[in-house]
J.: 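One structure, as structure tokens, below. Some questions next.
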Amino acid sequence: MEPPLIEFRQVTKRFGNQTVLDGINMSLFEGQVSTIIGKSGVGKSVLLKHIIGLLQPDEGEILFHGRPLNEMGPGEKKAVFSRISYMFQNNALFDSLTIYENIAMPLRHTTKLGRSEIDTRVMDRIRQTELVEVTHRYPAELSGGMQKRVALARALVTDPEIVLFDEPTTGQDPIRRNAILSMIAQYQHELGFTAVLISHDLPDVFFISNRVVALYDGSIVFEGTPEDFDDFEHPFRFELIHSLESLQEELTGLYTRRHFKTRYQTELNRNPQFDDFAMLIISIENLSDVQSDLGHTAVQEFIQAIGTFISKHFSEVGGFSTRYSFNQYTTVLPYSDMDEARSLAENFADDFTRNGIPEMQKFVLAELSCTDAVAVTLLAGVAQGKRHVEIESILAKAKSNQSKLLEFNARCKGSLT
């Protein structure tokens, strides 16, 4: 594994008699999205402020590219921190400045760029975050979601190496929350910065995270992938996960991945006579391309609509489903064989064409600003499951034999076809 971009070694931080961080060891890697999770008040924001240099540890050391901060001179430290940007939890926008002026502020105060170069960079970020129409308005005139986009544009305008996000989706409904997370993931992929998030929004944030860090009682109790976290057993899970994560994902109404796997095991153990079953995967093809035309919010509404429709359709025949990745839904059909599963998928496509697509006109056509049609394709794949076969291998087989289930077009003027 490559050396960490940021490394905490035995970092301890106290405020008076209270120890907030107690011997923290943590590694964050370049080009990844890392999410720090934990209950309120456990020190997540304190951890983030150590990265940006707003706080210094009482004990231990913090390294950037393998170099301890406490061994750097003032000039070297300044160079390190100049490559880090911070998106505040409350956005921290200046009400007396326009959107353009808010975004331009870091460039005007921390660089020697000329007016023309600043204008080019600011307008690039404004276009990328879909804020052109509000460029000369003030923060108070914008919705909460648009203010988040302004804060994100400001955080990205200096082309940072590292961007820190302190609860970027606080106070947002499920659709806007996922739209913000999707936007962070898109820009992280396009611009290549390293993202570090603090978030309570489980499991939504796992769809964009490469790495999860769990903070509990002042210590790091877990570091690893979201997939590894699914199998993590610790009092932390009972105190945090059970308090934040219901049996269903808020956005789609489907099972979360962890509860989906639990239901999978329970269903098979409870019904030993059903040694064979069918697994169905439905994927949205080229979702990122669709997103560039429809916008993040419309795509999240799109994801929600499909998930809700899947739940309604397959639960009627005893199936249970999850949103397994950003653009993929998985359904176990414990009482169906392969032929019946294919037939059910075809029935779903017919029903969705008749009843699902018209419902989606409301938000797709409202958001579409292009002049060409946007083609949306759903793929479906079916695989036979066996009781003692790992779920991931069944999923891989279903994914490998996907074919087009249905396709429809969204147009700026007219209707979906």
Side-chain angles (χ1 to χ4, degrees), residues 203 206-207 225-233 237 241 245-285 287 303-356 377-406:
F206 287 177
F207 288 118
T225 67
E227 291 76 17
D228 292 337
F229 189 76
D230 278 346
D231 300 320
F232 175 58
E233 296 297 339
R237 178 170 295 283
I241 304 300
E245 182 187 285
S246 68
L247 288 175
Q248 293 182 328
E249 182 194 345
E250 275 190 274
L251 181 69
T252 61
L254 304 178
Y255 277 92
T256 62
R257 279 178 43 162
R258 178 173 176 82
H259 288 99
F260 173 81
K261 289 182 177 179
T262 301
R263 171 78 188 272
Y264 172 79
Q265 294 295 336
T266 301
E267 195 74 30
L268 296 186
N269 291 334
R270 188 174 59 190
N271 299 291
Q273 68 272 30
F274 298 113
D275 194 53
D276 295 334
F277 59 93
M279 184 170 286
L280 171 68
I281 283 181
I282 294 178
S283 302
I284 310 170
E285 191 175 40
L287 188 58
I303 288 171
Q304 182 187 56
I306 291 180
T308 302
F309 207 83
I310 285 173
S311 177
K312 164 185 167 290
H313 190 87
F314 293 109
S315 63
E316 294 176 353
V317 292
F320 52 95
S321 308
T322 186
R323 182 180 168 212
Y324 213 80
S325 65
F326 178 59
N327 67 329
Q328 178 183 290
Y329 309 83
T330 300
T331 298
V332 168
L333 298 163
Y335 309 104
S336 301
D337 58 22
M338 294 280 284
D339 289 339
E340 185 177 12
R342 293 189 185 96
S343 177
L344 289 169
E346 292 172 1
N347 292 340
F348 166 84
D350 291 341
D351 195 9
F352 188 81
T353 301
R354 289 195 310 272
N355 301 307
T377 303
L378 296 188
L379 306 177
V382 180
Q384 182 173 327
K386 290 276 190 181
R387 176 180 307 281
H388 301 297
V389 176
E390 286 291 328
I391 190 171
E392 282 77 13
S393 64
I394 305 171
L395 285 168
K397 185 179 292 185
K399 191 172 183 178
S400 68
N401 64 28
Q402 286 185 115
S403 58
K404 184 162 69 176
L405 181 65
L406 63 90

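Here the structure is a predicted model, which means the values were calculated and not measured.
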J.: How long is the gap from OG on Ser336 to CG on Leu344, to the nearest 0.5 Å?
T.: 5.0 Å
J.: Could you state the interatomic distance from CZ (Phe309) to OG (Ser321), rounded to the nearest 0.5 Å?
T.: 13.0 Å
J.: Any side-chain heavy atom of Glu227 sitting closer than 4.5 Å to one from Arg257?
T.: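 Sidechains of Arg257 and Glu227: in contact.
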J.: Supply the atom-to-atom distance Ile281 CD1 to Thr331 OG1, rounded to the nearest 0.5 angstrom.
T.: 9.5 Å
J.: Asp228 and Thr225: side-chain donor and acceptor closer than 3.5 Å?
T.: yes
J.: What pair of heavy atoms forms the shortest contact from Ser311 to Leu254, and how long is it?
T.: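 Looking at all heavy atoms of both residues, the shortest contact is CB-CD2, 3.4 Å.
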J.: Going from OG1 on Thr256 to CZ on Arg323, what distance comes out if it is rounded to the nearest 0.5 angstrom?
T.: 12.5 Å
J.: Check step by step if side-chain contact (heavy atoms from CB on, under 4.5 Å) holds for Ile394 and Lys397.
T.: CA-CA 5 Å; Ile394 305 171; Lys397 185 179 292 185; 5.7 Å; no
J.: When you look at Asn327 and Ile303, which way does the side-chain contact (heavy atoms from CB on, under 4.5 Å) test go after all the steps?
T.: CA-CA 8 Å; Asn327 67 329; Ile303 288 171; over 6 Å; no
J.: So which atom in Leu405 and which in Ala345 form the shortest heavy-atom distance, rounded to 0.1 Å?
T.: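 So the minimum-distance heavy-atom pair works out to CD1-O, 3.6 Å.
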J.: With side chains defined as the heavy atoms from C-beta onward, is the minimum distance between Ile282 and Phe352 less than 4.5 Å?
T.: no
J.: Under 6.0 Å between ring centres: does that hold for Phe326 and Phe206?
T.: no
J.: Would you say the side chain of Phe277 lies within less than 4.5 Å of the side chain of Asp337, judging by non-hydrogen atoms?
T.: no
J.: Decide side-chain contact (heavy atoms from CB on, under 4.5 Å) for Leu333 and Met279; before the verdict, give the C-alpha distance in whole Å, the side-chain angles of both, and the deciding distance to 0.1 Å.
T.: CA-CA 6 Å; Leu333 298 163; Met279 184 170 286; over 6 Å; no
J.: Which heavy atom in Gly318 sits nearest to a heavy atom in Arg263, and how many Å separate them?
T.: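 So the two residues come closest at O-NH2, 4.3 Å.
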J.: Between Phe320 and Tyr264, is the ring centre distance below 6.0 Å?
T.: no
J.: Under a 4.0 Å threshold between the charged nitrogen and the carboxylate oxygen, would Asp351 count as salt-bridged to Lys312?
T.: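 Asp351 and Lys312: salt-bridged.
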J.: How close do Val382 and Ala341 get, heavy atom to heavy atom, and via which atoms?
T.: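 Minimum heavy-atom separation between Val382 and Ala341: CG1-CB, 3.7 Å.
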J.: Would a 4.5 Å heavy-atom cut-off, applied to side chains only, mark Ile306 and Ile284 as touching?
T.: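 Result yes, sub-4.5 Å side-chain heavy-atom pair found.
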J.: In the structure I gave you, are the side-chain heavy atoms of Val317 and Tyr335 within less than 4.5 Å of one another anywhere?
T.: no
J.: If you round to the nearest 0.5 Å, how far is CG of Leu287 from OG1 of Thr377?
T.: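 It comes to 11.5 Å.
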J.: Output, in order, the C-alpha distance, side-chain angles, deciding distance and verdict of side-chain contact (heavy atoms from CB on, under 4.5 Å) for Thr308 and Ile310.
T.: CA-CA 5 Å; Thr308 302; Ile310 285 173; over 6 Å; no
J.: Can you tell me if Thr353 uses its side chain to pair, donor with acceptor, with the backbone of Ala349 under 3.5 Å?
T.: yes
J.: Which atom names give the shortest non-hydrogen contact between Thr322 and Tyr255, and what distance separates them?
T.: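 Taking every non-hydrogen atom into account, OG1-O, 2.7 Å.
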J.: I need the Gln304 CD to Thr252 OG1 distance, nearest 0.5 Å.
T.: 8.0 Å
J.: Salt bridge or not for Glu392 and Lys261, using N-O below 4.0 Å?
T.: yes
J.: I need the minimum non-hydrogen distance between Phe260 and Ile391, along with the two atoms involved.
T.: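 For Phe260 versus Ile391, the nearest heavy atoms are CE2-CD1, 3.5 Å.
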